[in-house]
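Note: hydrogens, waters and symmetry copies are ignored here, and every other heavy atom, side chains too, is used. Index from 1, following the sequence.
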Amino acid sequence: MGLWETVRLGLLADGLWGPDRRPLTRAECQALFDYADDQVERAIRRGRKGALAAYRDATVFKTIYGWGLRCSEVCRLDLADWYRNPKAPELGGFGALHVRWGKRTKGSPPRRRTVLSVMPWAVEAAEDYVANLRPRYRAAADHSALWLTERGGRLMPREVEARFAEYRRAIGLEEGLTPHCLRHSYVTHLIEDGADPKFVQVLLSPQQRVHDVQHKPGAGGDLCGGGGYLPPSITQSCRRFDAGPTGADARLVA
């Protein structure tokens with residue numbers, strides 16, 4: 001069995017592969033993010049309540065895609081789950097994300113994993129939310145949750161799913177697509193852009209982790225022997241959050 005087939009079967013077991021879990025295309029992802037951003041501007045322009053929540057939800061969708069998260073995982077994130085990656089100082093305190101509430105197996109506690117940040121545009125969106133938007137919530141100083149509600153609680157998966165459904169209908173996507181499809185898109189787009197399937201397998205596994213990002217050819221070992229550079233096309237998104245590519249020589253190393 002080939003490596004890609006092994007990854008595919010793992011995604012199938014995880015619920016990431018199937019007719020009802022197709023990935024969004026790049027154009028669909030961009031349309032979703034642009035529409036979400038537009039709702040923030042629209043609320044501000046009309047002086048309506050809800051601009052803060054719209055901005056939060058737009059950033060949630062970018063975070064799900066940018067780090068390949070499940071809806072339940074993103075909602076359980078705390079502010080303290082962001083970490084620096086000394087090999088990528090340009091990403092500041094958002095170089096890695098510690099997922100503490102991963103999918104559990106029967107009879108086991110939630111599985112943990114650390115996901116390295118590989119999309120600077122997503123880092124820019126998350127950093128801007130933490131610095132400029134989250135402090136506006138009244139519970140910001142007293143609550144550990146990354147995503148807060150206006151009532152001072154933690155954002156729940158059903159709220160993310162409801163917002164996604166609203167935006168999905170608005171941009172003409174078919175029924176049945178859920179926020180989980182953004183995680184599938186993360187996997188698919190990494191592989192389409194040339195990331196070694198072994199990298200994807202390691203990144204999604206709670207038993208293994210990618211612990212380094214090299215930005216110079218030959219600066220480190222290969223990813224579990226697989227190697228492969230991450231192309232700039234996966235590290236940047238056009239229009240609003242284009243922070244520039246990490247570089248054609250960005251190597252992900254385990």
Side-chain angles (χ1 to χ4, degrees), residues 29 32-85 91-104 109-110 112-115 117 119-171 178-180 182-183 186 237 239-241 243:
C29 285
L32 174 67
F33 299 151
D34 287 344
Y35 185 81
D37 288 337
D38 288 343
Q39 300 319 294
V40 182
E41 297 174 5
R42 187 175 183 180
I44 294 174
R45 193 166 55 246
R46 296 186 176 186
R48 291 183 176 178
K49 183 179 179 181
L52 193 60
Y55 194 102
R56 176 203 62 203
D57 293 344
T59 313
V60 167
F61 294 144
K62 294 164 190 172
T63 302
I64 292 174
Y65 175 75
W67 284 269
L69 305 180
R70 300 177 180 87
C71 191
S72 58
E73 292 172 345
V74 77
C75 289
R76 295 302 296 267
L77 290 176
D78 284 347
L79 190 61
D81 289 331
W82 296 107
Y83 291 89
R84 291 183 176 274
N85 179 356
L91 300 181
F94 295 80
L97 181 60
H98 187 196
V99 180
R100 295 177 294 109
W101 294 89
K103 186 176 182 180
R104 70 178 71 202
R112 297 174 178 237
R113 70 181 186 278
T114 298
V115 185
S117 304
M119 302 183 189
W121 67 269
V123 168
E124 181 179 302
E127 186 174 21
D128 184 61
Y129 166 81
V130 169
N132 300 314
L133 270 295
R134 188 181 180 279
R136 294 175 179 266
Y137 283 96
R138 63 184 182 184
D142 303 318
H143 206 300
S144 63
L146 179 60
W147 316 107
L148 297 171
T149 67
E150 292 181 353
R151 293 184 177 182
R154 182 186 293 271
L155 184 69
M156 302 301 290
R158 64 178 179 273
E159 298 173 276
V160 177
E161 292 163 356
R163 179 77 82 168
F164 184 91
E166 176 189 340
Y167 291 179
R168 179 193 65 208
R169 290 190 292 268
I171 63 178
T178 68
H180 199 79
L182 290 171
R183 172 171 156 89
Y186 166 82
S237 175
R239 293 188 63 189
R240 301 176 188 275
F241 292 97

Sub-3.5 Å donor-acceptor pair from the side chain of Arg112 to the main-chain atoms of Val99, do we have one? no

Glu150: partners by salt bridge (charged side-chain N to carboxylate O under 4.0 Å, His left out), with sequence neighbours left out: Lys49

To the nearest 0.5 Å, what is the distance between CZ (Arg183) and CG (Leu69)? 7.5 Å

Output the distance between atom OH (Tyr35) and atom CZ (Arg168), rounded to the nearest 0.5 Å. 13.0 Å

For Asp81, give me all partners under salt bridge (charged side-chain N to carboxylate O under 4.0 Å, His left out), at least two apart in sequence or on another chain. Arg100

Please, which pairs that meet ring pair (Phe, Tyr, Trp, His ring centres under 6.0 Å) have at least one residue in residues 128-155, sequence neighbours excluded? Tyr129-Trp147

Side-chain heavy atoms of Thr178 within contact of Cys71, under 4.5 Å: no

Sequence neighbours left out, what passes side chain to side chain donor-acceptor pair (under 3.5 Å) with Asp142? Give chain and number order. none

All pairs passing salt bridge (Lys or Arg N to Asp or Glu O under 4.0 Å) where residues 151-162 contributes a residue, at least two apart: Asp78-Arg154

Which atom of Gly66 lies closest to which atom of Tyr186, heavy atoms considered: O-CE1, 3.6 Å

For Leu148 and Arg56, what are the C-alpha separation, side-chain angles and deciding distance, and is it a side-chain contact (heavy atoms from CB on, under 4.5 Å)? CA-CA 8 Å; Leu148 297 171; Arg56 176 203 62 203; 6.0 Å; no

Name all residues meeting the salt bridge (charged side-chain N to carboxylate O under 4.0 Å, His left out) criterion together with Arg76; count only those two or more places apart in sequence or in a different chain, and write none if there are none. none

Test Thr59 against Leu133 for side-chain contact (heavy atoms from CB on, under 4.5 Å), laying out the working first. CA-CA 10 Å; Thr59 313; Leu133 270 295; over 6 Å; no

The side-chain contact (heavy atoms from CB on, under 4.5 Å) partners of Leu79 (sequence neighbours excluded) come to Val130, Arg134, Leu146

Do Tyr83 and Leu97 come within less than 4.5 Å of each other through their side chains, counting heavy atoms only? no

Heavy atoms of Pro179 and Ile64 approach each other most closely as O-CG2, 3.8 Å

On a heavy-atom basis, the closest approach of Ala140 and Pro135 is CB-CA, 3.9 Å

With sequence neighbours left out, write down each residue that passes side chain to side chain donor-acceptor pair (under 3.5 Å) with Arg163, or none if nothing qualifies. Asp57, Tyr167

Taking the side chain as every heavy atom from C-beta outward, state whether Leu32 and Phe164 have any atom pair closer than 4.5 Å. yes

The test is side-chain contact (heavy atoms from CB on, under 4.5 Å); show your working for Trp121 and Lys62 and say whether it passes. CA-CA 9 Å; Trp121 67 269; Lys62 294 164 190 172; 3.9 Å; yes

Using a 4.5 Å cut-off on heavy atoms from C-beta on, say whether the side chain of Trp67 contacts that of Leu77. no

Check Ala58 against Ala36 and note the closest heavy-atom contact, atom names and distance. CB-CB, 3.6 Å

Under the 3.5 angstrom rule, does the side chain of Arg136 hit a backbone N or O of Asn132 as a donor-acceptor pair? yes

For Val40, which residues count as a side-chain contact (heavy atoms from CB on, under 4.5 Å) partner, sequence neighbours excluded? Ile44, Ala54, Tyr55

Please round to the nearest 0.5 Å and tell me the distance separating atom CZ of Phe33 and atom CG of Asp38. 13.5 Å

Given Asn85 and Leu91, is the side-chain contact (heavy atoms from CB on, under 4.5 Å) satisfied, shown in steps? CA-CA 8 Å; Asn85 179 356; Leu91 300 181; 6.0 Å; no

Partners passing side-chain contact (heavy atoms from CB on, under 4.5 Å) against Arg169 (at least two apart in sequence or in another chain): Ala165, Glu166, Glu175

